[in-house]
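Each chain gets a letter, A, B and so on, in the order its sequence line appears, and its residues count up from 1. Note: hydrogens, waters and symmetry copies are ignored here, and every other heavy atom, side chains too, is used.
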Amino acid sequence: MNETGPKIKTRFPPSPTGALHLGGARTALFNWLFARHHGGSFVFRLEDTDRQRSKDEYAGSIIAAMRWLGLDYDEGPYYQSQRFDRYRQAVDCLLDSGRAYWCHCSPQDLERQRAQAHAAGQKPRYNGACRERNLGPAPGAVARLKTSPEGTTGFADLVKGDITFANNELDDLIILRSDNSPTYHLAVVVDDIDMGITHVIRGDDHISNTPRQILIYQALGAKTPLFAHVPMILGPDKGKLSKRHGATAVIDYEEEGYLPQAILNMLARLGWSHGDQEIFSLDELINLFDLKAVGSSPSVFDHDRLLNLNHHYIQRSDPADLVPILLPFLARAGVNNPDRAILLKCLPHIMPRGRTLKELAHWAEPYLLDQPRPEAGVKEKFLTPAHKPLLQQLLEVIEANQADPEPALKRLSQETGLKPGNLLPILRAALTGRNSSPGIYQVMDILGMEKTLARIRLALAEID
RNA sequence: GUCUCCAUCGUCUAGCCCGGUCCAGGACACCGGCCUUUCACGCCGGCGACAGGGGUUCGAAUCCCCUUGGAGACGCCA
């Protein structure tokens, strides 16, 4: 898998201004897979130059989400806020060499310039007022990169192909803010140079940023990395995926009871494919992942598909592995300190019907509680005074045939002239408090004869 | 508005680079059937797409152009 040539190095640089969302997670996954596939390394960096919006708690939650997904990194987390000296040094270098200059325009000036450009049918931009003024630093001043309006800047994108921008579309972007902090464009480039990043794989909302960043690489005299812009993940309305589409944070899915492997599989198949294959283990993903197979059109996130994948992975899990991760979900459903043996025993029967851990907990609940908690309508439908004689008969038949109640129950069905479909739901209601469950004989087996009989007696006692 | 990207079933996609094997394949969802003591699982079947228009060619989902539509960017956010 290792290729000759320089070692491949990718990175994932979220800004800690919110939780890790699905789009970010997929970007991280692609970078991670690409690095792992090529035996390269993967760098994790927090872009927290905006001190107003960056929060430590977000950094922590992003790190936790990465760990939960299993996306481990070889370097980092680096924090841009700890590298301000380095950025300042780079800015000074650009200033000294005349590739950058001080600009004294106020935010209000800029606002006016943008309005003018827009009115003229142009892209809103800075008009270069301070470009040739040779100004020095001053309170409120910013440093801008001097960009030639001549020519074009392009790059060979690894997923989109050749992309070219006319330089006169670009304005002189700010690289150092008036509070002396570096801007995003400057900081990413300096970091990617310093950290030796060879491949920048990111969302295609960064395409228009790329020529500007290439210009910074050039001004700094550095070699540009290779770029791969991955199409975005859209919401059902085909707009940028956002909170109004429901859960978008990775952590939301963890709380809903999704398995990391299902999320990873889902994310990998959004934009990337390998023939008709839908299910991929992590190893397969690493082996097969290739930027050439990444599509160029955006994709809508389909929640049903994720549910289906999650169900797939749950069904194929080892029940013993499910027990520990199910505990928090059971606790939230009101089941504390469940009997693990019973849980393990019922799991194979409920795994086909629990698509998430949350649903699994719901299905497991009747067997773990001391007494069943009847769901709405169940008592009224199956445990009324009219059912009492039947339930009494059921009790007697089961009690008399504890070793194997099935044949006796079938006989009862014949004797009473009641189809199993009319007889057994009563038993189910008494044993589980539900109108659906695994097969009734399996339910009795999970519960054990002692509890089975006790629950029927309890139901009998409660009917009045 | 300007620039850039994108365009196959409702959705994710295969096929497109290297035109014929595609009256377009798979998956999810949906519908129907089977299995069945319930709900599921499972199995079988069905519905369903090359955005439109021009070229090029014996032949185009595949190549070219235009139109339309969608998205993104345009910030002292990242």
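Checked by atom type and distance alone, the side chain of A:T183 pairs as donor or acceptor with a backbone atom of A:I174 at under 3.5 Å. With hydrogens and angles disregarded, a donor-acceptor distance shorter than 3.5 Å links the side chain of A:H311 to the backbone of A:P352. Side-chain atoms of A:N265 come within 3.5 Å of backbone atoms of A:E278 as a donor-acceptor pair (strictly under, hydrogens ignored). A donor-acceptor contact shorter than 3.5 Å is absent between the side chain of A:D192 and the backbone of A:I197. With hydrogens and angles disregarded, a donor-acceptor distance shorter than 3.5 Å links the side chain of A:N310 to the backbone of A:R355. In this structure, A:R177 contributes its side chain and A:P182 its backbone to a donor-acceptor pair below 3.5 Å. Checked by atom type and distance alone, the side chain of A:R455 pairs as donor or acceptor with a backbone atom of A:L431 at under 3.5 Å. Although no hydrogens or angles enter the test, the distance criterion places a donor-acceptor pair under 3.5 Å between the side chain of A:Q442 and the main chain of A:G439. A donor-acceptor pair under 3.5 Å is absent between the side-chain atoms of A:T384 and the main chain of A:E380, judged by distance alone.
Using a 4.0 Å heavy-atom criterion, one finds that A:G354 contacts no nucleic acid atom at all. Note on A:Y441: a base of the nucleic acid sits closer than 4.0 angstrom, heavy atoms only. Residue A:Q52 is out of contact with every strand shown, counting any heavy-atom pair closer than 4.0 Å. Contact annotation for A:P236: no contact, since no heavy-atom pair falls under 4.0 Å across all strands. Among the protein residues, A:I440 comes within range of the nucleic acid bases, having at least one heavy atom under 4.0 Å from a base atom. Within 4.0 Å of A:S297, counting heavy atoms only, lie sugar-phosphate atoms of the nucleic acid but no base atom.
Ranked by how close their nearest RNA chain B nucleotide is to the 5' end, A:P420 and A:H118 are led by A:H118. Nearest-nucleotide positions on RNA chain B for A:A166 and A:A293 put A:A166 closer to the 5' end.
A cation-pi arrangement is present between A:R26 and A:F30 under the rule of less than 6.0 angstrom and at most 45 degrees off the ring axis.
Distance, A:Q122 CD to B:G1 C1': 10 Å, rounded to whole Å. One interatomic measurement links the two molecules: CD1 of A:I314 to C1' of B:A40, which rounds to 13 Å at whole-angstrom precision. When the P atom of B:U13 is taken as reference, atom CZ of A:F301 falls 12 Å away, rounded to whole Å. If you measure from atom CG of A:L307 to atom P of B:A40, you get 15 Å, rounded to the nearest angstrom. As rounded to whole Å, 15 Å separates atom P of B:C41 from atom CD of A:Q442. Summarising the geometry, the separation between CE on A:M351 and C1' on B:G42 is reported as 15 Å, rounded to the nearest angstrom. Regarding A:L170, its CG atom lies at a distance of 11 Å from the C1' atom of B:U4, rounded to whole Å. B:C41 atom P lies 17 Å from atom CG of A:L347, rounded to whole Å.
Of all nucleotides present, none satisfies the Watson-Crick or G-U wobble test against B:A14 with each distance under 3.5 Å. B:G48 is unpaired under the Watson-Crick or G-U wobble criterion, no partner having all donor-acceptor distances under 3.5 Å. Across all strands shown, B:U68 forms a Watson-Crick or G-U wobble pair, both distances under 3.5 Å, with B:A7. When Watson-Crick and G-U wobble pairs are counted only if both distances are under 3.5 Å, B:C22 pairs with no nucleotide at all. In this structure, B:C43 forms a base pair with B:G33, meeting either the Watson-Crick or the G-U wobble geometry with both donor-acceptor distances under 3.5 Å. The nucleotide B:G75 finds no pairing partner, because no Watson-Crick or G-U wobble arrangement with both distances shorter than 3.5 Å includes it. With a cut-off of 3.5 Å on both Watson-Crick or G-U wobble distances, the partner of B:U38 is given as none.
Here, B:U11 and B:G1 have their C1' atoms 33 Å apart, quoted to the whole Å. Taking the P atom of each, B:C74 and B:A29 are spaced 38 Å apart, rounded to whole Å. Distance noted for atom C1' between B:G19 and B:G10: 30 Å (whole Å). For the C1' atom pair drawn from B:C65 and B:G48, the interatomic distance equals 31 Å after rounding to whole Å. Annotation: B:U13 and B:C76 have their P atoms spaced 35 Å apart (nearest Å). B:C23 and B:G70 are spaced 29 Å apart, taking the C1' atom of each and rounding to whole Å. Rounded to the nearest Å, the gap between the C1' atom of B:A61 and that of B:A51 is 12 Å. B:U4 and B:C18 have their C1' atoms separated by 29 Å, with the value rounded to a whole Å.
In this structure, a donor-acceptor pair under 3.5 Å is present between the side chains of A:Y101 and A:D172. A donor-acceptor contact closer than 3.5 angstrom links the side chains of A:D191 and A:Q80. Side chains of A:R316 and A:H312: a donor on one and an acceptor on the other come within 3.5 Å. Side-chain polar atoms of A:T432 and A:R428 form no donor-acceptor pair below 3.5 angstrom. Counted by atom type alone, A:S148 and A:N167 present zero donor-acceptor pairs between their side chains at under 3.5 Å.
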*Sugar-phosphate or base contact per nucleotide [nucleotides 66-78 of chain B; S, B, -; heavy atom under 4.0 Å]*: -----SSSBSBBB

*Scan nucleotides 17-36 of chain B nucleotide by nucleotide, 5' to 3', and note B when protein non-hydrogen atoms come under 4.0 Å of the base, S if they reach only the sugar-phosphate, - if neither.*
--------BBBBS-------

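Near RNA chain B, defined here as any heavy-atom distance below 4.0 Å, the residues from residues 153-163 of chain A are A:K160, A:I163, listed numerically.
When distances are taken from the side chain of A:S299 to each of B:C41, B:U4, B:U13, the shortest belongs to B:U13.
Phosphate contact (OP1/OP2 of B:G42, side-chain N/O of A:Q315, threshold under 4.0 Å): present. Put simply, A:S436 has no side-chain N or O that comes within less than 4.0 Å of OP1 or OP2 on B:A40.
Side chain A:R428 to base B:U37: a donor-acceptor pair is found below 3.5 Å.
In this structure, B:C17 is classed as anti because its glycosidic torsion departs from zero by more than 90°.
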